[in-house]
Participant: 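Got a structure here, written out as C-alpha cells. Questions coming.
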There are 2 protein chains.
Amino acid sequence: MTVRHLSESTEMYLKAMVELSDHEMVMVPRLAERLGVTPVSANEMVRRLGEQGLVSHTPYKGVNLTKKGREAAVNVLRRQRLWEVFLHDHLKIEWSHIYEYACSLEHATAPEVTEALAAFLGDPKTCPRGNPIPATDGSFKPLEGISLGELKTGDKARILAVNATATDVLQYLQERDILPGRELRVVEVAPLQGPLTLEVGSRITALGLSMAEFVIVKLIKS
Amino acid sequence: MTVRHLSESTEMYLKAMVELSDHEMVMVPRLAERLGVTPVSANEMVRRLGEQGLVSHTPYKGVNLTKKGREAAVNVLRRQRLWEVFLHDHLKIEWSHIYEYACSLEHATAPEVTEALAAFLGDPKTCPRGNPIPATDGSFKPLEGISLGELKTGDKARILAVNATATDVLQYLQERDILPGRELRVVEVAPLQGPLTLEVGSRITALGLSMAEFVIVKLIKS
DNA sequence: CTATAAAATAAGGCTAACCATAACATTTTT
DNA sequence: AAAAATGTTATGGTTAGCCTTATTTTATAG
Ligand SMILES: [Mn+2]
Ligand SMILES: [Mn+2]
Ligand SMILES: [Mn+2]
Ligand SMILES: [Mn+2]
C-alpha cells in the first residue's frame, strides 16, 4: 500500500509522463525520446512500472499513469520545482542550469525535507520556469496556455512557462530573453514547419518550431 | 584525469574511509560493517575502487585512499556537512535526522551547487554534529579530541563532535543531551567494557562503550 | 611453531536498467 | 486492400552492486 522508495529511473519515467501529457495516453517511444533511452528499453521499463501498478499500458494505444503512479509523479514535480525555486532565488544559480540541478536533487529528497523546504521558501506557487508547484496533497491547476508554435503572424502573447529541460536549450532561450513573464509578438511564421520570427522586447529573434513547442504562452491579442 | 561522476556507492565507500580513519589503513571488513554490506561485497567493491585508482589495498594489511580517492572523499564530506548546516539551521530539521537526509543529498549535488550553497550559508566551518567542513580545496583541520570512551572516572570534558550516523543512535544521544558544546563529567567507568555513567548538565546518564566511541571530546580537567 | 582467528578469494547467483538486432503486430496512408 | 510507418516483443548481451557458501591465505596468540 505505502509507496516505498522509488528508484531515480522510476521517478523520471513517471515525471516524464505528467510532463508530456497529463492524463492523456503517451506512446512509449515518446517516453523513450524524452528520457534518452531506446524504445526497447522504455518498453521494458513500462512493463516493470505496470507490474508495480504505477502505469497501465495498452499496446499500440499508449501508457497512462494509474492513480498511484500519478500521485508519485506529481510528488516528484513538487520536489523538483521547490528545488528550482531554492536554486534560483536563494543560491542564485543561473536560470538555465536550475532544471538540471533540481532534477538530481528531487530524487534525494525525503518527505520531511520536502515539506520543510516548502515552508522555508514560503510555499511558493510557481517555479522559475513558470510552472505551478503542486501542493502537498498533489493538487495544482495546470497552466491554461497554448504552445508558442500555435501562434499566427501578428499575434501578441505573454510567456507563461518554458518547459524545456535540456540545459543547452534553456540557455539558448535565456540568451534570447524568452523567459516567463516576457511579452512577445509574432512577426512571421515561415511555412513548411519553418521558424518563427519573434519580437521580444524590441528584439527580433528567429526560433525553430521544435523549440517553440516548449514555450507556453497566453494569447493577448491576435 | 578529471574525476567524472562517481556513483553513490563509490562515494559512500570513500567517505566511510575518511570517517573511519583518515590516513590510516582500514581493514575491508570494517568498511563492510560501516556500509552494511557483507565482507565479500566490500572486497569486490574495493577491487573496483582500486581499478579506478581511488584506493590501494594491501591484502591482510588494509585499504587506504589514494590522493585522488581522498580528494573525492573529502569533497563528499564537504557536501554532506554543508547540507547538514542547511537542514539544521534553515529548514529546522530535527538534529537526529539531518545526517540521514544530508547523506542522500550529498550525492546529488553538482560542484556549482555545492559552492553556491556554501556561499549562501556564509561558508560555515563546522557542521551541526561538530565536525569541521572541508574547504573547496579540501583543506580542513581534524578535531584534536579524544573518544569519550577513553575518559577515566572523574574526568571533565566538553563534547566536540558526535560521529554517529545511524538515526536511532543520534536520537538516543540527542535525548540524553549528548550534543556538541555540552560539558560532562565521568561519574563512573564500569569494568569489563562496561557502560560509562555520565553527568551531563546535572543529569545522570549511562552510556554503553560502543556509543561512547562515537563521541569526540576535549578533556577539560582530569 | 602451531593452532586459531581473521581476511581474502573463488564460484555461482540475483536484480535493475540499459543496449542492439531481428521478428512481429497494428495502425495509418496511399 | 496493400504498402509503409510505427509500435511492440523476442532474444541475447552488458554493467554495477549486491548476495551465499566454500575454500584458501595470512596474521597472530599461545
Ligand atoms: Mn530527475
Ligand atoms: Mn550518502
Ligand atoms: Mn561471479
Ligand atoms: Mn533477456
Side-chain angles (χ1 to χ4, degrees), chain A residues 3-17 20-21 24-65 69 72-73 76 103-104 106-108 192-193 210, chain B residues 3-17 20-21 24-65 69 72-73 76 103-104 106-108 193:
Chain A
V3 187
R4 66 197 163 298
H5 187 257
L6 303 176
S7 71
E8 171 161 349
S9 189
T10 295
E11 291 195 335
M12 288 305 285
Y13 274 81
L14 298 179
K15 193 178 77 167
M17 290 185 63
L20 278 177
S21 86
E24 289 160 55
M25 285 219 166
V26 192
M27 284 304 205
V28 177
R30 297 297 80 69
L31 263 184
E33 281 164 26
R34 162 71 66 131
L35 293 163
V37 299
T38 63
V40 173
S41 298
N43 269 286
E44 288 174 356
M45 189 63 177
V46 162
R47 183 183 45 70
R48 282 190 291 266
L49 296 174
E51 285 164 2
Q52 293 174 260
L54 295 166
V55 306
S56 84
H57 180 206
T58 312
Y60 303 101
K61 297 296 177 184
V63 225
N64 54 16
L65 293 162
V76 180
C103 188
S104 294
E106 64 191 0
H107 312 290
L192 291 170
Q193 317 277 44
S210 48
Chain B
V3 187
R4 66 200 163 297
H5 187 254
L6 302 175
S7 72
E8 171 162 350
S9 189
T10 295
E11 290 194 336
M12 288 306 284
Y13 274 82
L14 299 179
K15 193 178 78 168
M17 291 186 63
L20 278 177
S21 88
E24 289 160 55
M25 284 220 169
V26 191
M27 286 302 207
V28 178
R30 297 296 82 67
L31 262 185
E33 281 164 26
R34 161 70 67 130
L35 294 163
V37 299
T38 64
V40 176
S41 297
N43 269 286
E44 290 173 354
M45 189 64 177
V46 162
R47 182 182 46 68
R48 281 190 292 267
L49 296 174
E51 286 164 359
Q52 294 173 261
L54 294 166
V55 306
S56 84
H57 180 208
T58 312
Y60 304 101
K61 297 295 178 184
V63 226
N64 53 15
L65 293 162
V76 180
C103 188
S104 294
E106 66 191 359
H107 313 290
Q193 317 278 46

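The sequence lines fix the lettering, A, B, ..., with proteins before strands; numbering per chain opens at 1. Just so we're clear, the structure is a prediction, and the values are computed from it rather than from any experiment. Heavy-atom basis, side chains included; hydrogens, waters and symmetry copies ignored.
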Participant: From CG of B:Leu49 over to P of D:dA16, roughly how many Å is that when rounded to an integer?
Facilitator: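 The distance from CG of B:Leu49 to P of D:dA16 comes to 12 Å, rounded to the nearest Å.
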Participant: Are B:Tyr13 and D:dC18 close enough that a side-chain N or O sits under 4.0 Å from OP1 or OP2?
Facilitator: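 Affirmative; the distance criterion is met.
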Participant: Is there a salt bridge (Lys or Arg N to Asp or Glu O under 4.0 Å) between A:Arg30 and A:Glu33? Walk through the geometry before answering.
Facilitator: CA-CA 5 Å; A:Arg30 297 297 80 69; A:Glu33 281 164 26; 2.9 Å; yes
Participant: Quick check: closest heavy atoms across B:Leu14 and B:Gly69, and the distance to 0.1 Å?
Facilitator: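 Looks like CD1-O, 4.1 Å.
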Participant: State whether the distance check finds a donor on one side and an acceptor on the other, under 3.5 Å, for side chain B:Tyr60 versus base D:dT25.
Facilitator: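 Answer is yes: a donor-acceptor pair is held.
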Participant: In whole angstrom, give the distance that lies between atom CD of B:Glu11 and atom P of D:dA16.
Facilitator: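 For the pair B:Glu11 CD and D:dA16 P, the rounded distance is 16 Å.
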Participant: Within the structure provided, determine whether B:His57 and B:Asn43 are in side-chain contact (heavy-atom separation under 4.5 Å).
Facilitator: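 Side chain of B:His57 against side chain of B:Asn43, heavy atoms only: contact under 4.5 Å found.
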Participant: Taking DNA chain C as the partner, which of residues 29-48 of chain B come within under 4.0 angstrom of it by heavy atom?
Facilitator: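 Residues of residues 29-48 of chain B that come under 4.0 Å of DNA chain C are, in numerical order, B:Pro29, B:Arg30, B:Val40, B:Asn43.
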Participant: Which atoms form the tightest heavy-atom contact between B:Cys103 and B:Lys15, and what is the distance?
Facilitator: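 Looking at all heavy atoms of both residues, the shortest contact is SG-NZ, 3.7 Å.
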Participant: Please tell me which of B:Pro59 and A:Pro59 maps to the more 5' nucleotide of DNA chain C, matching each residue to the nucleotide holding its nearest heavy atom.
Facilitator: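 Residue closer to the 5' terminus by nearest nucleotide: B:Pro59.
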Participant: Anything under 4.0 Å to a heavy atom of chain A counts; send over the first and last such nucleotide of DNA chain C, read 5' to 3'.
Facilitator: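 Range of nucleotides within reach of chain A: C:dA17 to C:dT27.
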Participant: Are any of A:His57's side-chain N or O atoms less than 4.0 Å away from OP1 or OP2 of D:dT8?
Facilitator: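 Yes, within the criterion.
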Participant: Of the non-hydrogen atoms in A:Ala42 and A:Ala32, which two are nearest, and what is the gap between them?
Facilitator: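 Between these two residues, the closest heavy atoms are CB-CB, 3.6 Å.
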Participant: Which pair of non-hydrogen atoms, one from B:His107 and one from B:Glu11, has the smallest distance, and what is that distance?
Facilitator: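 That closest heavy-atom pairing would be ND1-OE1, 2.7 Å.
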Participant: Verify the contact: side-chain N or O of B:Ser9 to OP1 or OP2 of D:dA16, cut-off strictly under 4.0 Å; return yes or no.
Facilitator: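 No.
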Participant: How many angstroms lie between atom CE of B:Met45 and atom CG of B:Leu31, to the nearest 0.5 angstrom?
Facilitator: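 If we round to the nearest 0.5 Å, B:Met45:CE and B:Leu31:CG are 10.5 Å apart.
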Participant: Which heavy-atom pair separates B:Ala108 from A:Ala108 by the least distance, and what is that distance?
Facilitator: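 Smallest heavy-atom distance, with atoms named: CB-CB, 4.1 Å.
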Participant: How close or far is atom C1' of D:dT6 from atom NZ of A:Lys61, stated in whole angstroms?
Facilitator: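 Roughly 13 Å, once rounded to whole Å.
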Participant: Check A:Met17 against A:Leu65 and note the closest heavy-atom contact, atom names and distance.
Facilitator: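 In terms of heavy atoms, the two residues are closest at CE-N, 3.7 Å.
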